[in-house]
Number of protein chains: 2
Amino acid sequence: MQISSRFSVAVHVLTLLADNPAGELLTSDRLAGSVNTNPVVIRRILGQLKKAGLVEVRAAAGGTYLRRDPATLTLLDVYRAVDVVEGALFSVHEHPNPHCAMGRHIQAALDGTLARAQAALERELAATTLAQVVASVREPVG
Amino acid sequence: MQISSRFSVAVHVLTLLADNPAGELLTSDRLAGSVNTNPVVIRRILGQLKKAGLVEVRAAAGGTYLRRDPATLTLLDVYRAVDVVEGALFSVHEHPNPHCAMGRHIQAALDGTLARAQAALERELAATTLAQVVASVREPVG
DNA sequence: TTTTATTGTAACCAAAGTCGTTACAATAGA
DNA sequence: TCTATTGTAACGACTTTGGTTACAATAAAA
C-alpha cells in the first residue's frame with residue numbers, strides 16, 4: 001500500500017508554479033502536460049490546493065498561480081491540503097475485543113507508538129519547503 | 001489512505017506472545033479472540049511472521065511461540081515482515097512526460113525528498129522494540 | 001493405529017479507494 | 001457575443017483489504 005500520488009503530483013504542480021515567471025498563469029492543460037496525466041486529475045488537485053489557500057485559480061482565459069511564499073510553504077502543508085492521509089497513518093483494528101483487558105491495553109500502547117512514528121514522518125515533511133525543492137530541481141547536483 | 005492494519009495486528013499478536021509464559025503456545029483461535037477478528041486473518045499474518053523467522057508455528061496440538069528476543073525485535077522488523085509497504089511509501093506518477101525536462105528533474109528531486117521522509121518514519125520504528133511495547137502495556141502510566 | 005485439534009491455503013465476496021475518461025454547465029476575458 | 005477555461009458529476013477498470021467458508025495436511029495424544 002502506498003500513499004496516493006495525489007501528493008507527489010501536487011508538489012510537482014506547485015514546483016512548476018513556483019518556477020514560473022511571476023504573474024503568469026498556467027492552465028490545467030499545460031500542468032497536465034508536464035505530469036503526463038489528464039487535465040481533470042490536475043483540476044481536482046488544484047481544487048484542494050485552492051481550498052487550502054495555496055493557489056488561486058481563475059476561470060475563462062484562466063489558469064493558476066501560487067498564493068504563498070515558496071520559502072514558507074512546506075511539504076506538510078501540501079500533504080495536509082490534498083488530504084492523502086486522513087487522521088492516523090497506521091490503521092489499527094477497529095473493534096478490539098472489549099472482554100480482553102490485555103487486548104485493550106495493547107491497542108492503547110500501540111496508538112502512542114504509531115503516533116510517534118507518524119510524527120517523525122510529518123516533522124521531516126515540515127522541514128522541507130517548496131523553495132528547497134525548486135532549488136534542488138534547478139541544481140540537480142546539490 | 002492508511003497503512004494496512006496487518007501491521008498493528010502483527011504487533012498485537014507478537015505482544016501477546018512475548019507476554020506469554022515461556023514455552024506455552026497460543027493458537028490462532030485464541031489470538032483472534034484478543035484482536036477480535038477471524039482466525040484465518042491471524043494465520044495469514046502468522047505465515048508472514050514465520051517466513052521472516054520471527055515466530056515458530058506448530059500444527060496439530062499446535063500454536064505459535066516467539067522465536068526472537070523481544071529486546072532486539074524492532075517494529076521495523078515487523079513492518080518489513082508483513083510487507084505492508086512494498087518499496088516506496090509515497091507513490092509518484094509512473095509515466096512522467098519524457099519530453100518535459102523540467103518534469104523529469106522534478107520527479108528526481110521529489111524522489112530524494114520523499115525517501116528522506118520515509119527514512120524518518122522507519123528510523124522511529126527501528127528505535128522501538130517489542131520489549132518496550134510489552135513494558136508500556138504492563139505499566140500504562142509510563 | 002485411530003482420533004482429534006490445529007494449521008495452511010485456496011476461493012470467493014463486499015467495500016473502499018485510485019486514476020483516467022467523457023460530458024457539460026458555469027465563468028470571465030477579448 | 002464568442003471562446004477558452006474551470007468546476008464537477010458520472011462512470012469504469014483496477015487494486016487492496018478484511019472477512020468468510022471449505023478442506024486437505026499435519027502431528028500430537030489416546
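Lettering follows sequence order; numbering is per chain, from 1. Just the heavy atoms: all of them, side chains too, but no hydrogens, waters or symmetry mates, feed the values below.
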Report which part of the nucleic acid A:K50 touches: base, sugar-phosphate, or nothing (heavy-atom distance under 4.0 Å, all strands).
->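 Sugar-phosphate only.
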If I take atom [atom1] in residue [X] and atom [atom2] in nucleotide [N], what distance separates them, rounded to the nearest angstrom?
{"X": "A:L49", "N": "D:dG7", "atom1": "CG", "atom2": "P", "value": "11 Å"}
{"X": "A:N36", "N": "C:dG20", "atom1": "CG", "atom2": "C1'", "value": "12 Å"}
{"X": "B:I3", "N": "C:dG17", "atom1": "CD1", "atom2": "C1'", "value": "16 Å"}
{"X": "A:D29", "N": "C:dT21", "atom1": "CG", "atom2": "P", "value": "12 Å"}
{"X": "A:Q48", "N": "D:dG7", "atom1": "CD", "atom2": "P", "value": "12 Å"}
{"X": "A:Q2", "N": "C:dA16", "atom1": "CD", "atom2": "P", "value": "22 Å"}
{"X": "B:E56", "N": "C:dT6", "atom1": "CD", "atom2": "C1'", "value": "15 Å"}
{"X": "B:F7", "N": "D:dG18", "atom1": "CZ", "atom2": "C1'", "value": "18 Å"}

Which residues pass the side-chain contact (heavy atoms from CB on, under 4.5 Å) test with A:A18, sequence neighbours left out?
-> A:L66, A:P70, A:L130, A:V134
With sequence neighbours left out, write down each residue that passes side-chain contact (heavy atoms from CB on, under 4.5 Å) with A:R123, or none if nothing qualifies.
->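 side-chain contact (heavy atoms from CB on, under 4.5 Å) list for A:R123, sorted by chain: A:A119, A:A120.
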Go through the structure and list residues passing side-chain hydrogen bond (donor to acceptor under 3.5 Å, both in side chains) with A:S91, not counting sequence neighbours.
-> none
Less than 4.0 angstrom between a side-chain N/O of [X] and OP1 or OP2 of [N], yes or no?
{"X": "B:T27", "N": "C:dT6", "result": "no"}
{"X": "A:S5", "N": "C:dC19", "result": "yes"}
{"X": "B:H93", "N": "C:dG20", "result": "yes"}
{"X": "B:T37", "N": "D:dG18", "result": "no"}

Enumerate the residues from residues 39-47 of chain B whose closest heavy atom to DNA chain C is under 4.0 Å, giving them by residue number; use none for an empty result.
-> B:V40, B:R43, B:R44
Nearest heavy atoms of [X] and [Y], plus distance in Å:
{"X": "A:S34", "Y": "B:G103", "answer": "OG-CA, 3.7 Å"}
{"X": "A:T72", "Y": "A:D77", "answer": "O-OD2, 3.8 Å"}
{"X": "B:H93", "Y": "A:S8", "answer": "N-OG, 4.0 Å"}
{"X": "A:V85", "Y": "B:M1", "answer": "CG2-O, 3.5 Å"}

What nucleotide among D:dT17, C:dT22, C:dT7 has an atom nearest to a side-chain atom of A:N38?
->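 Side chain of A:N38 sits closest to C:dT22.
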Quick one: OG1 on B:T64 to CG on B:N20, what's the gap to the nearest 0.5 Å?
-> 10.5 Å
If you measure from CG on B:L76 to OG1 on B:T128, what distance do you get to the nearest 0.5 Å?
->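 Nearest 0.5 Å value for the CG-OG1 distance: 10.0 Å.
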Kindly write out the residues that satisfy ring pair (Phe, Tyr, Trp, His ring centres under 6.0 Å) with A:F7, not counting sequence neighbours, or none if the list is empty.
->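 Counting only residues at least two positions away or on another chain, A:F7 forms a ring pair (Phe, Tyr, Trp, His ring centres under 6.0 Å) with A:Y79, B:F90.
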Position toward the 5' end of DNA chain C (nearest nucleotide), B:S91 or B:L26 = B:L26
Could you list, one pair per line, each protein nitrogen or oxygen that sits under 3.5 Å from a nitrogen or oxygen of nucleotides 27-30 of chain C, together with the distance?
none

